[in-house]
Amino acid sequence: MTDTIRYAPVTEHNFTVASLDGFIRRQEVAQCWRKRDGQWKLLPIAYVEDWDWEGRRYRAEKLLRSVQNGGAVFGAWAGADLAGFARLEGPRFGSRDQYIDLAQFHVSLPYRGRGIGKELFRMACREARLLGAEKLYISAHSARETMAAYRALGCVEAEEINWALAKKEPCDVQLEFRL
C-alpha cells in the first residue's frame with residue numbers, strides 16, 4: 001500500500017467498470033442510531049455491511065453514468081487502487097433549492113483513518129458551492145462509526161427531509177452540511 005494519495009475528478013480516462021473490483025466496503029456494525037419516541041438512541045444492531053463483486057460493478061456503472069452525464073465525482077487513488085470516492089447527484093432540491101445530494105461517499109477499508117474521506121468531502125463541498133448549493137444533503141448509514149465520522153466533519157440532522165431518499169434507505173439518518 002502506497003503512502004501517496006492522488007486526488008482527481010473521476011473521468012472515463014481514469015475509471016472503468018472494473019475500478020471498484022478491489023474496493024473493500026466492509027464494515028462490521030455493532031450499534032446503529034434509531035429514532036425512538038422522537039429521540040435518537042444507539043441500539044445494539046449487529047451485521048456486516050459489504051459489497052460483493054456484482055455490487056461493486058453496479059456501483060462502478062452508476063459512477064460512470066454519472067460522469068458521462070456531467071456529474072461531479074471525485075476519487076482518491078493510491079497507486080492504481082481506488083482508495084475512496086465521492087459523488088454529487090443533481091438536481092438541487094429543497095424549499096429554496098438549497099440542497100445537493102452527496103449520493104455516494106466511501107473509503108476502502110485499508111485506507112480509512114488517513115484523512116482521505118476529509119479531502120474527498122472538501123472536494124465535494126467545493127463543487128457543490130460551484131453548483132449553487134447552500135448545503136450538502138446526506139442520507140447516511142446509521143452505524144455508530146459512520147455517524148461519528150459525519151459528525152466530526154460538521155454534519156447535523158437535516159432541517160428538511162428528502163422523503164424520496166429517506167424511503168430508499170429507511171434506516172439511514174438524514175443529514176446536512178452547510179457549505
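In this text the structure is predicted, and so the values were computed from the model without any measurement.
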Worksheet item: Would you call D101 and R87 a salt bridge, taking side-chain N to carboxylate O under 4.0 Å as the test?
Response: no

Practice prompt. Verify, without hydrogens or angle tests, whether E160 (side chain) and S95 (backbone) share a donor-acceptor contact under 3.5 angstrom.
Written response: yes

Worksheet item: Any donor-acceptor pair under 3.5 Å linking the side chain of S108 with the backbone of I24?
Response: yes

Worksheet entry | Aromatic plane relationship, F105 with F121 - under 30° parallel, 30 to 60° tilted, over 60° perpendicular | tilted

Worksheet item: So, for C125 and L136, which heavy atoms are closest and what is the spacing to 0.1 Å?
Response: SG-CD1, 3.7 Å

Item to complete: For the pair E119 and R122, find out whether any cationic side-chain nitrogen is under 4.0 Å from an anionic carboxylate oxygen.
Response: yes

Discussion item. For the backbone of E159 and the side chain of E176, can you confirm whether one donor and one acceptor N or O come within less than 3.5 Å of each other?
Written reply: yes

Fill in: N162 side-chain N/O to A164 backbone N/O, donor-acceptor pair under 3.5 Å
yes

Discussion item. Below 30° counts as parallel, above 60° as perpendicular, anything between as tilted: where do the rings of H106 and F23 land?
Written reply: perpendicular

Fill in: Aromatic ring proximity F85/F15, centre distance under 6.0 Å
no

Discussion item. I'd like to know if the side chain of S142 and the backbone of C171 have a donor-acceptor N/O pair within less than 3.5 Å.
Written reply: yes

Practice prompt. Go through the side-chain N and O atoms of Y137 and Q174 and say whether any donor and acceptor fall under 3.5 Å apart.
Written response: yes

Discussion item. With a 4.5 Å cut-off on side-chain heavy-atom distances among I, L, V, M, F, W and Y, is there a chain of contacts connecting V17 to W51?
Written reply: yes

Worksheet item: Is W40 reachable from Y150 through a run of hydrophobic residues whose side-chain heavy atoms are each under 4.5 Å from the next?
Response: yes

Worksheet entry | Donor-acceptor contact present, side-chain R56 to main-chain G22, <3.5 Å | no

Worksheet item: Would you say the side-chain atoms of N14 pair up with the backbone N or O of P9, donor to acceptor, closer than 3.5 Å?
Response: yes

Worksheet item: Would you call K35-E157 a salt bridge at under 4.0 Å N-O?
Response: yes

